[in-house]
Amino acid sequence: MLTLYQIRNNTEEIIKKLSVRNKDFSEPVYEAIKIDDERREIKGKSDLILAESNKLAKSIGQLFKEGKQAEANQAKEKAISLKEEVKKLARKLNETENKLLQVLSEIPNIPNELVPEGKSDTDNEEIRNGGIIPKLNKKVPHWELADKYDLIDFELGNKITGAGFPVYKGKGAKLQRALINFFLEEAEKAGFTEIMPPLVINEDSGFGTGQLPDKEGQMYQITEDKLFLIPTAEVPLTNIYRNVILKAEDFPIKLTAYSSCFRREAGSYGKDVRGLNRLHQFDKVEIVQIQHPDKSYETLDEMVAYVELLVQKLELPYRIVRLCGGDLGFTSALTYDFEVYSAGQGKWLEVSSVSNFESFQANRLKLRFKETGEKQTKLAHTLNGSALALPRIVAALLENNYTENGIKIPEVLQKFTKFDFIN
RNA sequence: GGAGAGAUGGCAGAGUGGUCGAAUGCGGCGGUCUUGAAAACCGUUGUACCGAAAGGUACCGGGGGUUCGAAUCCCUCUCUCUCCGCCA
């Protein structure tokens, strides 16, 4: 959520910058300012009456003590009429505030200057690539390899739960565990503190990171307890700092967590859902940083470099793209996506998304900090990235490393898998 | 799941209807003293909103109610503790 301060002080500039998202946001922006004007006026009036009513209440106490019953009763009547007015205003204030919140939550984050114009993912800007696309004798998609070597049983998942809940078996399961351990160990080496968060979150947390109120259809819900299965560890991780006031010297805060992620993926049926390409439950190691506003873009670059190192270590051909305005997520100011080439399918698969949210999430989270020696609080910047999501990495590893003799495990993983070949 | 107790500022802890945004202690910050430090002493120390400012308003776990007036009374939810039951 943008702050009213941002919107009121840079109105024209914000509208211009938002237009990079391929949509005109001048209407909600002006609407927000209009509603805020109303809100201020009502608040002013209401405070004035409350002040009078408070004064009156105190005087009534005094009058009773002095035994001036008649005067006290007169004052009481006046107080009652004031109270009615306040009640009306309070209701109006509440309505106005809700309306404001609604309009504000329709306005996405302001794209950074680096965000290229564009409508869809085809307009994303490739900034770097690396690795070598393997020349395979035979292109085999991972779902066939998974079946051939009995690594993943999709049918069994259907039986136990439903589509999109695969069952990993034998070396397939071990490969999962190896990747998780590899990613966590790398994150630890890079200075991230490992967290093991709850996989279930409440409404406040969902609101804090922006899943609620509008994206609730993407989460699995436990309606009886008003809880949700996490779509990513970003949610519990970032919400650790909900309603927290940090000191400037606390920065940067670097957290990592492995978690299962649960996504309903409503509305994405039939598109790229084969095998591991799109699942309802998958595993991911997430990295989160909370940083001083002056340093968040430095940190974003650092996180991109970190994820790049991971895919390099896994010897996967990759490219990094800067998302264009049309493809940029609602809450993000700048996002880099990582894609790896999965040679069996002949496709680029998105395996990581690294974003700077600036103060957009922090505003909702009420995640603030104080500059040393200053009393005033400011919003912190939050960033996160996948480092990495497992299924598509597994898909690419299986497909790219497939030879007639079996599937070769990258060297960095062998320490964790305790085997170097799947055959 | 059942019975009971509780939730107050960074922490500890007082306050059971009127000048309480809240005593006191500890901690933090500033100062005096000191070559420096400690001790002692003095001062200061929550968040948000409205306002150009003066100042005002709201907040004592969340939400609602009673009252002229609520940290204090009532309802409800959440959480914590003790006991019982169940249990990895």
Side-chain angles (χ1 to χ4, degrees), chain A residues 1-9 32-104 196-208 212-213 221-228 236 239-250 253 359 361-380:
Chain A
M1 208 160 62
L2 295 178
T3 62
L4 282 161
Y5 183 85
Q6 289 173 298
I7 290 174
R8 296 192 78 107
N9 289 289
I33 293 172
K34 202 185 108 201
I35 298 170
D36 187 47
D37 285 338
E38 274 172 50
R39 183 190 129 256
R40 288 178 186 210
E41 201 193 318
I42 298 167
K43 166 92 169 124
K45 270 190 204 165
S46 154
D47 279 1
L48 223 58
I49 298 172
L50 277 170
E52 201 185 333
S53 152
N54 284 346
K55 231 187 275 170
L56 208 57
K58 276 181 193 172
S59 77
I60 290 170
Q62 195 57 37
L63 289 169
F64 271 124
K65 265 186 203 161
E66 290 166 12
K68 298 176 180 165
Q69 293 284 339
E71 274 179 64
N73 283 329
Q74 222 174 9
K76 254 196 199 183
E77 266 172 50
K78 190 168 176 210
I80 291 170
S81 76
L82 283 178
K83 202 182 139 192
E84 264 164 43
E85 257 181 277
V86 166
K87 254 193 182 165
K88 257 188 247 164
L89 284 172
R91 219 176 295 131
K92 233 165 105 183
L93 187 62
N94 202 281
E95 270 170 36
T96 313
E97 276 170 353
N98 286 339
K99 232 169 38 183
L100 185 59
L101 189 67
Q102 212 183 325
V103 174
L104 282 176
M196 203 168 197
L199 304 181
V200 177
I201 49 140
N202 60 24
E203 282 181 294
D204 285 346
S205 295
F207 180 82
L212 296 175
Q221 306 194 25
I222 303 161
T223 47
E224 197 171 346
D225 298 300
K226 284 192 188 152
L227 299 172
F228 304 83
N239 270 285
I240 293 174
Y241 289 92
R242 169 155 49 85
N243 262 317
V244 168
I245 299 174
L246 296 163
K247 295 185 217 116
E249 61 259 36
D250 294 334
I253 288 168
S359 62
Q361 279 186 334
N363 188 30
R364 278 200 173 199
L365 289 161
K366 295 203 170 62
L367 164 48
R368 293 153 294 170
F369 74 99
K370 280 183 191 174
E371 220 71 82
T372 320
E374 279 183 26
K375 263 192 104 167
Q376 183 208 2
T377 61
K378 295 183 197 163
L379 292 171

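Within every chain, numbering begins at 1; the chains are lettered A, B, ... in the order of the sequence lines, protein sequences first and strands thereafter. What you see is a predicted model, and the numbers here were worked out from it, not measured in a lab.
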Under a 3.5 Å limit on both distances, the Watson-Crick or wobble mate of rC87(B) is none
Is the shortest heavy-atom distance from the side chain of Thr96(A) to the side chain of Ile35(A) under 4.5 Å?
yes
Going by atom type alone, with no hydrogens or angles, which donor-acceptor pairs under 3.5 Å involve a side-chain atom of residues 196-208 of chain A and a protein atom two or more places apart or on another chain?
residue   : atom : partner   : partner atom : Å
Asn202(A) : OD1  : Asp204(A) : N            : 3.3
Asn202(A) : OD1  : Ser205(A) : N            : 3.0
Asn202(A) : OD1  : Ser205(A) : OG           : 3.2
Ser205(A) : OG   : Arg242(A) : NH2          : 2.9

In whole Å, what separates the C1' atom of rC59(B) from that of rG21(B)?
9 Å
Between atom CG in Leu63(A) and atom C1' in rU19(B), what is the gap in whole Å?
14 Å
rC86(B) and rG6(B): how far apart are their C1' atoms, nearest whole angstrom?
25 Å
rA12(B) pairs with, by Watson-Crick or G-U criteria that keep both distances under 3.5 Å:
rU24(B)
List in chain and number order the residues that pass side-chain contact (heavy atoms from CB on, under 4.5 Å) with Ile240(A), two or more places apart in sequence or in another chain; answer none if no residue qualifies.
Ile195(A), Leu237(A), Leu255(A)
Enclosure of Glu374(A) CD (heavy-atom neighbours >12, cutoff 6.0 Å):
yes
Taking the P atom in each of rG25(B) and rA14(B), what is the distance between them to the nearest angstrom?
15 Å
Roughly how many Å apart are rG13(B) and rG61(B), using the P atom of each and rounding to a whole number?
15 Å
Who is the Watson-Crick or G-U wobble partner of rC60(B), with both distances under 3.5 Å?
none
Inter-nucleotide C1' distance (rU32(B), rC20(B)), Å rounded
33 Å
Nucleotide opposite rG69(B) in a Watson-Crick or G-U pair, distances under 3.5 Å
none
Name all pairs fulfilling the salt bridge (Lys or Arg N to Asp or Glu O under 4.0 Å) condition that reach into residues 40-51 of chain A, sequence neighbours left out, sorted by first residue then second.
Asp36(A)-Arg40(A), Glu41(A)-Lys45(A), Lys43(A)-Asp47(A)
Does rG36(B) pair with anything, Watson-Crick or G-U wobble, both distances under 3.5 Å, and if so, with which nucleotide?
none
Whole-angstrom distance between rA39(B) and rG31(B), as gauged at atom C1':
16 Å
P atom, rA3(B) versus rG85(B): distance in rounded Å?
15 Å
rC29(B) pairs with which nucleotide, Watson-Crick or G-U wobble, both distances below 3.5 Å?
rG43(B)
Could you list the residues that satisfy ring pair (Phe, Tyr, Trp, His ring centres under 6.0 Å) with Phe369(A), not counting sequence neighbours?
Phe251(A), His292(A)
Searching all strands shown, indicate the nucleotide that pairs with rA3(B) (Watson-Crick or G-U wobble; both distances under 3.5 Å).
rU82(B)
According to the Watson-Crick and G-U wobble definitions, with both distances under 3.5 Å, which nucleotide is paired to rA53(B)?
none
Can you tell me, in whole Å, how much space there is between the P of rU16(B) and that of rA23(B)?
15 Å
Could you list all the salt bridge (Lys or Arg N to Asp or Glu O under 4.0 Å) pairs where at least one residue sits in residues 83-92 of chain A, not counting sequence neighbours?
none
Taking protein heavy atoms under 4.0 Å as touching, what does nucleotides 45-72 of chain B look like 5' to 3' if B marks base contact, S marks sugar-phosphate-only contact and - marks none?
-SSSBSS----BBS--------BBS---
